[in-house]
Structure formats: structure tokens, C-alpha cells
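Heavy atoms only: backbone and side chains are in, while hydrogens, waters and symmetry mates are out. Since the model is a prediction, treat every value here as computed from it, not as a measurement.
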Amino acid sequence: MAEPQGPATMPPRILAVDDAPENLEILRIRLEASGYGVVTASDGEEGLARAREGGFDLILLDIMMPKLSGIDVLRLLKQDETRPFVPVILLTARAETRDIVAGLDAGGDDYLTKPYEHAALMARVRSMLRIKTLTDTVRAQAERLEAQAAELARGNAELAARVAEQVDEIARIGRLRRFLSPQIADLVAAEGAESALLESHRREISVVFADLRGFTAFTDTAAPEDALQVLREYHAAMGAVIARFEGTLEHFAGDGIMVYFNDPLPCPDHPQRALRMALEMREAVGALSRAWEGRGHHIGFGIGMAVGYATLGQFGFEGRLEYGALGSVTNLASRLCDEAAAGQIVVSQRAQHLTEPWAEVRALGPLTLKGFHRPVTAYELVGWREPAP
């Protein structure tokens with residue numbers, strides 16, 4: 001830290017208070033000769049009034065004065081704790097220790113006994129002005145630190161508010177994700193239900209339908225607790241796979257699941273991703289089926305997958321909206337799922353064509369599907385391979 005170079009005012013201003021005109025004149029001449037600005041007062045009351053005007057770096061104050069003694073002036077000045085620090089040198093013609101002690105106790109910072117030598121006076125003045133400069137520097141630093149602390153506190157409060165807001169937002173999105181597909185929940189949280197991405201539009205998507213085989217018969221004979229446990233295990237396994245492949249889960253309907261890709265956010269490799277997810281679903285449910293077999297439950301799993309154009313957007317009414325897909329591609333995936341045997345993945349012709357380099361398939365021949373006027377060419381997905389270079 002640089003050493004302070006001088007008092008708050010340049011040149012320093014000094015208030016000299018003395019009821020003896022000759023003493024006051026001598027003080028003024030000596031101080032002005034040394035480059036100081038000097039203001040004089042001829043008694044205690046005038047000195048107090050001038051001192052309260054402020055702007056002084058030092059006060060020279062005679063103790064013995066009419067109307068108001070120097071000690072009384074000093075006490076009145078020091079009672080006002082809001083005033084900035086100004087050092088006071090007491091001037092006394094009496095060298096009695098009692099007077100000096102009384103003056104110092106009242107708040108004086110130094111004293112001179114009359115008659116005083118010029119060198120002693122100027123040494124005291126310079127010393128007190130240095131103290132004044134140091135005090136002003138410390139006060140200014142304290143004020144800066146206080147301002148910085150207040151600014152930091154405001155910044156911390158704003159940061160805490162933003163963090164709390166973000167935590168609330170994360171919690172809100174987390175709650176939305178429990179009831180909506182994560183992609184839909186994120187859009188609703190970020191832009192609201194009015195997001196342009198959620199408006200009706202037409203897009204090619206890959207749709208995967210999956211459900212359990214024999215689950216209805218199982219629920220007819222099993223205890224409700226057993227059926228619920230099976231369903232919870234199945235949903236947990238499927239949810240993990242769907243999340244890993246970032247599919248848009250349209251709904252769980254009992255044991256039926258519909259997932260699609262390439263909406264609401266684009267997914268360039270949606271046919272490949274859909275089929276890889278289907279394979280992992282089959283593997284996950286295969287492990288569950290073996291555990292269910294051990295508990296006496298005979299339940300299979302089938303999947304249907306199709307690629308095609310659909311209309312996507314918000315459906316429902318005021319107060320209850322859902323985001324979904326509408327079109328023949330969803331019906332096709334559902335019907336292919338109905339045709340799938342336990343452990344089988346049945347895919348449409350377009351899905352097979354788009355994934356030919358990767359998907360190992362077996363032709364099933366034309367299938368007659370409910371709701372379709374013509375037989376539909378379909379394939380069984382056997383496995384996945386990396387394409388040749």
C-alpha cells in the first residue's frame with residue numbers, strides 16, 4: 001500500500017481558537033508562512049461554530065477562554081460521533097498537570113504550553129496532520145471495504161436467489177419428467193406449452209410398439225400384488241433402455257409401450273436407433289422372463305417397429321393436453337407388434353430398407369394386418385451388425 005502523501009485538503013486547513021488577539025495573529029502568521037490555510041476564532045462559542053462547519057484538518061484550541069472554555073468546546077465536538085476525525089492540539093498558559101489531563105481526557109490529541117517555540121509548534125502541527133492523513137486513509141479504506149462487502153453480499157444474495165430458482169426449476173422439470181417423456185418435459189419447462197416445436201407438424205418418425213405375451217391371462221390368475229410387481233419390474237427395465245437411446249415415450253398402457261424417434265427433436269439415425277433399442281429391450285425382458293419363470297410366471301415379449309410419416313403435436317382439450325403422434329405408421333407398428341411371437345421383433349419393409357447395412361433380418365412374407373387393405377411385407381429382426389467399410 002502506498003504511503004499517504006498528505007491530508008484530505010490541500011493545502012491543509014487549520015482552525016486556530018484563542019481569546020488573545022496577539023496570540024491568534026502570531027499563530028496565523030506562522031501557519032500561513034508554512035503554507036497552511038488558516039481560519040481564526042476569538043472565543044469558545046465562535047470556535048465551536050466554526051469547527052462544526054467542518055472542512056478542517058487540525059484545530060489549535062486555547063483552554064482558558066470566556067463564554068466557553070476550550071475543554072467544553074472539545075467535549076461538545078467529540079460528542080458528535082458522526083463527525084470525521086479532526087485532531088486537536090490544546091494551547092494552555094498553565095502547566096498544571098490537572099489542566100493537561102482534563103484536556104486530554106476530554107478528547108485532546110496533544111498540547112502545547114504557552115509561550116511555545118515556533119519549532120515545537122510546527123513539529124506538533126506536522127505530527128497531527130500526519131495522523132489526520134493516516135486516519136483519513138484508514139477510514140476511506142474501511143468505507144471501500146464496507147462497500148465491497150455490501151456489494152459482495154448483494155452479489156451472493158442474487159446468486160443464492162438464482163441458484164434457488166434453478167433448483168426449483170430442476171425440481172419442476174424432474175416432476176414433469178415423471179409424467180412426461182423427458183424431451184417433452186424439457187420443452188415445456190423451457191418454452192411452455194406454446195413452444196413452436198410442440199405445434200402440429202408432419203415428420204417421418206420411427207415407431208416402436210412393445211407388449212408382454214400372456215400378461216392378460218397371467219393377471220386373471222395371479223395375485224394383484226404379483227401382477228403389480230411384474231409390471232413394475234418390466235416398466236423399470238423398459239424405462240432404462242428408452243432413456244439410454246433417448247426415445248420419446250408416448251405412453252405406458254398397462255404392459256403396452258409406444259416409443260418413437262425423430263420428434264420433437266431431430267434424430268438423423270432414428271431407424272437404426274429404434275432397432276438397436278428394440279434389441280436391448282428384448283435382451284432386458286429376456287433376463288426378466290427367466291426370473292419370472294423361476295416364480296412360476298410364464299410371460300413372453302413381442303415388438304413391432306415401423307418407419308413412416310405422422311402428424312405430431314398436442315392433442316386433448318383445455319386443462320388436459322398430451323403430445324403424441326397420429327398416422328398409419330403408428331397403426332402399422334402396433335399391428336406388427338400384435339403379430340410378433342414371444343421374443344420376436346417384427347419390422348416394416350421401409351424400416352428394413354433404411355437399416356439394411358446394419359440390420360440382420362429374416363423375411364416373414366406378406367402379413368394380413370387388421371385395418372390394412374393389402375398384405376404388408378414384414379421382416380423379423382435377428383441381430384445387429386456393423387456395416388462393411
Side-chain angles (χ1 to χ4, degrees), residues 1-80 83-142:
M1 184 190 305
E3 182 178 348
Q5 299 300 311
T9 56
M10 294 298 291
R13 295 183 73 234
I14 299 175
L15 173 62
V17 185
D18 198 317
D19 64 329
E22 63 277 10
N23 291 340
L24 207 55
E25 184 65 13
I26 292 172
L27 282 174
R28 185 185 64 77
I29 293 172
R30 289 179 174 178
L31 293 171
E32 288 180 347
S34 297
Y36 301 121
V38 182
V39 175
T40 61
S42 59
D43 59 51
E45 287 185 351
E46 184 184 1
L48 179 62
R50 290 294 181 90
R52 283 174 171 169
E53 292 173 1
F56 296 105
D57 299 295
L58 175 64
I59 298 175
L60 301 177
L61 184 62
D62 186 24
I63 291 181
M64 301 298 294
M65 290 186 295
K67 299 183 181 178
L68 204 62
S69 72
I71 293 178
D72 291 333
V73 171
L74 191 55
R75 288 197 181 104
L76 291 171
L77 287 176
K78 296 298 182 179
Q79 283 175 1
D80 187 355
R83 303 183 65 81
F85 168 74
V86 178
V88 177
I89 298 177
L90 298 170
L91 307 176
T92 177
R94 300 169 63 181
E96 293 185 12
T97 302
R98 181 179 58 188
D99 294 332
I100 296 172
V101 170
L104 295 177
D105 282 344
D109 299 285
D110 204 345
Y111 72 94
L112 273 172
T113 304
K114 299 177 183 179
Y116 36 77
E117 296 181 357
H118 174 71
L121 171 66
M122 300 313 300
R124 294 287 207 284
V125 167
R126 288 192 295 271
S127 175
M128 288 296 104
L129 288 176
R130 283 196 298 271
I131 292 174
K132 175 66 163 61
T133 297
L134 290 172
T135 302
D136 289 346
T137 300
V138 171
R139 181 187 293 272
Q141 290 173 343

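- From Leu91, atom CG reaches atom CG of Leu61 across 7.0 Å, with rounding to the nearest 0.5 Å.
- Every side-chain contact (heavy atoms from CB on, under 4.5 Å) that Arg52 has, sequence neighbours left out, goes to Leu48, Leu76, Leu77, Arg83.
- Here OG1 of Thr135 is found 8.0 Å from CZ of Arg139. Values are rounded to the nearest 0.5 Å.
- Looking at Val73 and Ile59, their side chains never come closer than 4.5 Å, going by heavy atoms from C-beta outward.
- Heavy atoms only, all atoms of each residue included: Ala16 and Leu27 are closest at CB-CD1, 4.1 Å.
- Distance check: Leu31 CG to Leu60 CG gives 6.0 Å after rounding to the nearest 0.5 Å.
- For Asp19, the side-chain contact (heavy atoms from CB on, under 4.5 Å) test picks out Asp62, Met65, Pro66, with sequence neighbours left out.
- Sorted by first and then second residue, the pairs that involve residues 120-131 and meet salt bridge (Lys or Arg N to Asp or Glu O under 4.0 Å), not counting sequence neighbours, are Asp110-Arg124.
- Between Asp57 and Tyr36, every side-chain heavy-atom pair lies at or beyond the 4.5 Å cut-off.
- Paired with Leu58 under the rule side chain to side chain contact (heavy atoms under 4.5 Å, CB included), one option of Val88, Leu15, Ile89 passes, and it is Ile89.
- Residues meeting the side-chain contact (heavy atoms from CB on, under 4.5 Å) test with Arg75, sequence neighbours left out: Ile71, Asp72, Ala106.
- His118 approaches Arg30 most closely through the heavy-atom pair ND1-CD, 3.3 Å.
- Of all heavy-atom pairs between Pro87 and Met128, the closest is CG-O, 3.6 Å.
- Note that CD1 of Ile131 and CG of Asp136 are 12.0 Å apart. Values are rounded to the nearest 0.5 Å.
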Using residues 37-46 as the side-chain source, report each donor-acceptor pair under 3.5 Å to any protein atom, sequence neighbours left out, with the distance given to one decimal.
from, atom 1, to, atom 2, distance (Å)
Ser42, OG, Glu46, OE1, 3.0
Asp43, OD1, Glu45, N, 3.1
Asp43, OD1, Glu46, N, 2.8
Glu46, OE1, Ser42, N, 3.0

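- With hydrogens and angles ignored, the 3.5 Å screen pairs a side-chain donor or acceptor of Thr133 with a backbone N or O of Leu129.
- With rounding to the nearest 0.5 angstrom, the OG1 atom of Thr92 is 10.0 Å from the OH atom of Tyr111.
- Looking at Phe85 and Asp109, their side chains come closer than 4.5 Å, going by heavy atoms from C-beta outward.
- Partners of Ala20 under the side-chain contact (heavy atoms from CB on, under 4.5 Å) rule, at least two apart in sequence or in another chain, are Asp18, Glu22, Asn23.
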